[in-house]
2 protein chains.
Amino acid sequence: MCYDVPMQERTMGLRERKKQRTRAELTEAAILLFTDRGFDATTIEDIVGEVEVSPRTFFRYFDSKEDVVIGFFDDMGVELRGMLAARPQGEAPFTAVRRALGALIELFTSEPERVLAAKRLAYDTPAIRARLLDKHARWENGVTEELAARLGVDPERDPRPRLIASVALAAFSTAVSRWVDSGGREDLKALLNQSLDAVGTGLDRTPPASVG
Amino acid sequence: MCYDVPMQERTMGLRERKKQRTRAELTEAAILLFTDRGFDATTIEDIVGEVEVSPRTFFRYFDSKEDVVIGFFDDMGVELRGMLAARPQGEAPFTAVRRALGALIELFTSEPERVLAAKRLAYDTPAIRARLLDKHARWENGVTEELAARLGVDPERDPRPRLIASVALAAFSTAVSRWVDSGGREDLKALLNQSLDAVGTGLDRTPPASVG
DNA sequence: CCGTAACATGGCAGCGGTTGACAAAAGGCG
DNA sequence: CGCCTTTTGTCAACCGCTGCCATGTTACGG
């Protein structure tokens, strides 16, 4: 985690500004090196060499080498859950999740470069992929709990919350995959709607999707 | 990986037998220690100490510390894909996957202790959980490709194969989670059917599942 | 302006996982 | 028994990561 909330106060002291700068420089250098010569082939020394900072300092900013890449996705889980909690009570659960996913879409598309770089790294780096999947699983747990609360059931005994959560996120995942494959050119929101529609109406009844 | 297919020939020489024995002893010792004192608190030296083997040898049998736990799940991916390929062409895709998942069920329930131990370790060990999720993702890719072939479409352009795969596996996952939570006592096949039914017919229409 | 407290950094030493290289032992076989 | 192949042990090294302590830098009250 390395909780370093930027403290959006004005008059943010020199100290704070310096820290943010270092962190930004480290991330940039790291991602550059990673995408250039590969994650595994890049050592911590390589990274800190670019920023002229000690290796020890690197680990004061990031819990691990992977964190540089995936730290970006940290807040999204709470964001998603928050959005879900904000949906009106009467809404059908799957629909509520669908609406909540809109928030994630916005976060993804607000910094496409960042997301695309991370996903691309995930593609051929097991360590990154694993971390991302784990994050994804956490989101699912959050959504599951929220849905359980909303339905007033125990998520350990009633399968529906987890089921809805995992299916909705699977649809999300699928949409994002396709978005990444398109290099970020296609409309993520449209892709997501397409996936969710297919899932929401029963899979063997999925109409031939118009894709081409 | 560390492909060590046991070579089911009879007259398997002493050499081969010894290897299998060492491997078995290592896995047993490792899992015991892991579940006892925790994965991170267990060092490679601890493990090899029990079996009286050098640390170097450990890494000749397993690619990593995690592999001792998850190596067991290695073949399941190909198994699943094979089962799917064997389904008749006319079958609706989601239904075909459902049938194929039966094979996994059998593997899971054939050695429940092993699976339960692995899942329990995954629960509180990020490293293991990550590896398992990655394996799961690979299964999904396999199913996706197979479905795409079966539908005669390009999985990069048509979302349906991936969607069906991820949703079906999400249902599988949910069922397994519940099975693990029950300590392996509930009927995994029934749980799976329940999940798949709910998913196959559209989620907001899911009837209040009878659980209690 | 200064002194001090609070905090950020650097350096170091160390642990543990992982790998390569080479030499020693042990099984397979004539 | 000897030779060949495979497996094992030893050793050295790299790298990610952490704790500890010293040093430097910023914040702040007098």
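Using a 3.5 Å distance cut-off with no hydrogens or angles, the side chains of B/Glu45 and B/Thr43 do not pair a donor with an acceptor. B/Thr95 and B/Arg87 form no side-chain donor-acceptor contact under 3.5 Å, judged by distance and modelled atom types alone.
Atom CZ of A/Arg21 and atom C1' of D/dT26 are 15 Å apart (whole Å). A straight line from CZ of A/Arg17 to P of C/dC7 spans 18 Å, rounded to a whole angstrom. The nearest whole Å value for the distance from the CD atom in A/Glu45 to the P atom in D/dC15 is 8 Å. The distance from atom CD of B/Glu66 to atom P of C/dG17 is 10 Å, rounded to the nearest whole Å. The separation between A/Phe39 atom CZ and D/dC15 atom P is 14 Å, rounded to whole Å. Distance, A/Ile44 CD1 to D/dC15 P: 11 Å, rounded to whole Å. Separating the NZ atom of B/Lys65 from the P atom of C/dC15 is a distance of 16 Å, rounded to the nearest angstrom. D/dC15 atom C1' lies 16 Å from atom CG of A/Leu33, rounded to whole Å.
Within the nucleic acid shown, B/Thr57 comes within 4.0 Å of sugar-phosphate atoms alone, with no base atom in reach, counting heavy atoms only.
For C/dG27, the OP1/OP2 oxygens have a side-chain nitrogen or oxygen of B/Lys18 closer than 4.0 Å. OP1 or OP2 of C/dA8 lies within a sub-4.0 Å distance of a side-chain N or O belonging to A/Lys19. The side chain of A/Tyr61 places an N or O atom within less than 4.0 Å of a non-bridging phosphate oxygen (OP1 or OP2) of C/dT9.
Annotation: of the two residues near DNA chain C, B/Arg15 and B/Asp40, the 5′-most nearest-nucleotide partner is B/Asp40. Between B/Phe58 and B/Leu14, it is B/Phe58 whose nearest contact on DNA chain C lies nearer the 5' terminus. Along DNA chain D, the nucleotide nearest B/Thr22 and the nucleotide nearest A/Ser64 are compared for position; the residue whose nucleotide lies closer to the 5' end is B/Thr22.
The backbone N or O of B/Lys18 sits nowhere less than 3.5 Å from a side-chain atom of B/Arg23 that would complete a donor-acceptor pair.
Residues that satisfy the side chain to side chain contact (heavy atoms under 4.5 Å, CB included) test with A/Thr144, not counting sequence neighbours, are A/Glu140, A/Pro155, A/Pro161, A/Arg162, A/Ala165.
For a distance-only test at 3.5 Å, the side chain of A/Arg60 fails to qualify as a donor-acceptor partner of the base of D/dT18.
Residues A/Trp139 and A/Leu80 share a closest heavy-atom pair of CB-CD2, 4.3 Å.
Checked against C/dT9, D/dA27, C/dT19, the side chain of B/Arg56 finds its nearest nucleotide in C/dT19. The B/Phe59 side chain lies nearest to C/dT19 when the options are D/dT5, D/dC15, C/dT19.
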